[in-house]
Amino acid sequence: MRNKPLIFTVVLTAVLVALALNMRDKDRVADLSSRNLLSPMQVKQLALLERISLRRGEGQVELARSEGEWGVVSHAGFPVQQERLAALMHAVRGARVVEEKTSNPEYHARLGLDVTAADSEALQVDLHSPELDFGLIYGDTVGTGQLLRFAEQDQVLLINRPFSMSVNPTDWLALNVIDIPMQQLATARWTHADGETLEFDKAGEGEYNLRLLGSDAQQTQGGNERWINSMVLALINLTAQNVALRDDLALAEPMLQMQVTTWSGADLAASLHAIDGRYWLLIDSYTPPQEGELDVYADPRWAYQIGVAQMENLNKRQADVVRAP
């Protein structure tokens with residue numbers, strides 16, 4: 001009687017192990033019975049692609065490669081978010097055909113594979129290389145897979161994994177513009193258009209918190225690190241909302257000028273501009289560190305749009321960062 005729980009546990013474990021082995025065997029059989037979606041020639045062309053376009057309904061994004069770098073065409077070739085591009089390439093390269101379905105084009109609309117149908121949610125991915133162009137149309141999901149066909153073919157295929165990707169060009173932009181660790185920062189200087197200036201430094205290398213310079217500021221320093229740090233972090237950990245060419249903006253005098261330096265000798269100068277209710281940040285100059293690298297995209301052609309909350313963090317004054325207990 002005392003051994004019943006033990007016997008039950010042993011039997012249950014054996015059943016679970018048998019089920020796991022059975023499922024693994026089924027997966028192996030499925031892998032053996034499926035085939036790669038792309039031909040060897042198509043796989044080879046993926047490394048040579050020059051242009052990729054994605055369309056769903058009225059949404060469209062086009063990517064182009066120039067001098068080895070991928071950019072978003074609608075945004076003057078601004079760099080593509082590499083993680084999203086890698087996910088696209090992995091999904092296309094790794095897809096396997098589980099089953100061939102109908103080849104009757106009359107069924108394409110009901111299977112979500114007719115890009116010309118009203119309110120179609122089909123996703124079409126067109127891939128262009130110097131030697132070969134081909135397109136893939138993704139339709140309805142079926143279980144853990146998805147229906148698909150090649151753009152110029154009627155044959156419907158069931159692939160082993162679902163695939164979806166944004167067709168909003170902004171989602172493809174690499175908008176993580178500045179990423180400087182707070183511990184590496186040594187000094188900061190904020191100058192407002194009316195002349196008010198705030199200067200910050202640190203007690204020593206390796207410290208995290210900045211301190212506001214000036215005798216009055218030093219007396220009220222305790223407990224205000226949070227407000228000071230948030231102000232500077234808004235610049236050195238900048239993810240923009242959008243991007244535009246500076247030449248396309250009516251830039252005037254900045255509402256705020258900012259400068260930060262690091263212990264390793266990096267120097268970043270930026271400015272904040274208000275144009276028709278929108279806020280744009282410019283990286284005016286950047287000197288890399290003497291050792292190592294920092295993630296700063298300082299191409300002088302670009303202006304970065306930021307949100308109201310980001311602007312409010314950047315645009316703080318001494319009264320905002322030095323608060324009475």
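Predicted, not measured: the structure shown is a model, and the values here were computed from it. FYI, the numbering just counts along the sequence from 1.
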| said: Check whether Asn36 reaches the backbone of Leu38 with its side chain - one donor and one acceptor, N or O, closer than 3.5 Å. | reply: no
| query | Taking the six-membered ring for Trp, are Tyr297 and Tyr304 ring centroids under 6.0 Å apart? | reply | no
| Does the salt bridge (charged side-chain N to carboxylate O under 4.0 Å, His left out) test come out yes or no for Asp201 and Arg211, once each step is laid out? | CA-CA 6 Å; Asp201 72 357; Arg211 58 186 183 181; 2.7 Å; yes
| More than 12 heavy atoms of other groups within 6.0 Å of Asn104 CG | yes
| query | Can you get from Leu238 to Trp280 by hopping between Ile, Leu, Val, Met, Phe, Trp and Tyr side chains that sit under 4.5 Å apart? | reply | no
| message | Between Thr197 (side chain only) and Gly195 (backbone N and O only), is there a donor and an acceptor less than 3.5 Å apart? | response | yes
| task | Answer with yes or no whether the side chains of Glu207 and Asn209 bring together a donor and an acceptor at under 3.5 Å. | result | no
| task | Mind telling me whether Phe150 and Phe134 have parallel, tilted or perpendicular rings, with 30° and 60° as the class edges? | result | tilted
| Do other residues, nucleotides or ligands put more than 12 heavy atoms under 6.0 Å from Tyr286 OH? | yes
| task | Report yes or no: does His128 contribute a side-chain atom to a donor-acceptor pair with the main-chain N or O of Ile52 at less than 3.5 Å? | result | no
| message | Looking at Arg278, I want to see if its CZ is surrounded by more than 12 non-hydrogen atoms of other residues, nucleotides or ligands under 6.0 Å. | response | no
| said: Hydrophobic cluster membership, with links at side-chain heavy-atom distances under 4.5 Å among I/L/V/M/F/W/Y: are Leu251 and Ile283 in one? | reply: no
| Do Gln259 and Asp267 have side-chain atoms, one donor and one acceptor, less than 3.5 Å apart? | yes
| Backbone N/O of Gln155 and side chain of Glu100: donor-acceptor pair under 3.5 Å | no
| field | Parallel, tilted or perpendicular: rings of Trp190 and Phe200 (30°, 60°) | value | perpendicular
| said: Quick check against the 3.5 Å criterion: does Asp320 have a side-chain atom that pairs as donor or acceptor with the backbone of Arg317? | reply: yes
| message | Around atom CZ of Arg110, are there more than 12 heavy atoms from other residues, nucleotides or ligands closer than 6.0 Å? | response | no
| said: Donor-acceptor check, side chain of Ser120 to backbone of Asp114, threshold 3.5 angstrom: yes or no? | reply: yes
| query | Are the side chain of Arg35 and the backbone of Arg96 linked by a donor-acceptor contact shorter than 3.5 Å? | reply | no
| said: Are there over 12 heavy-atom neighbours, none belonging to Gln82, within less than 6.0 Å of that residue's CD? | reply: yes
| said: Applying the side chain to side chain contact (heavy atoms under 4.5 Å, CB included) criterion to Tyr279, which one of Gln310, Gln305, Met255 satisfies it? | reply: Met255
| message | Between Thr262 and Ala266 (side chain of the first, backbone of the second, donor and acceptor by atom type, cut-off under 3.5 Å), is there such a pair? | response | yes
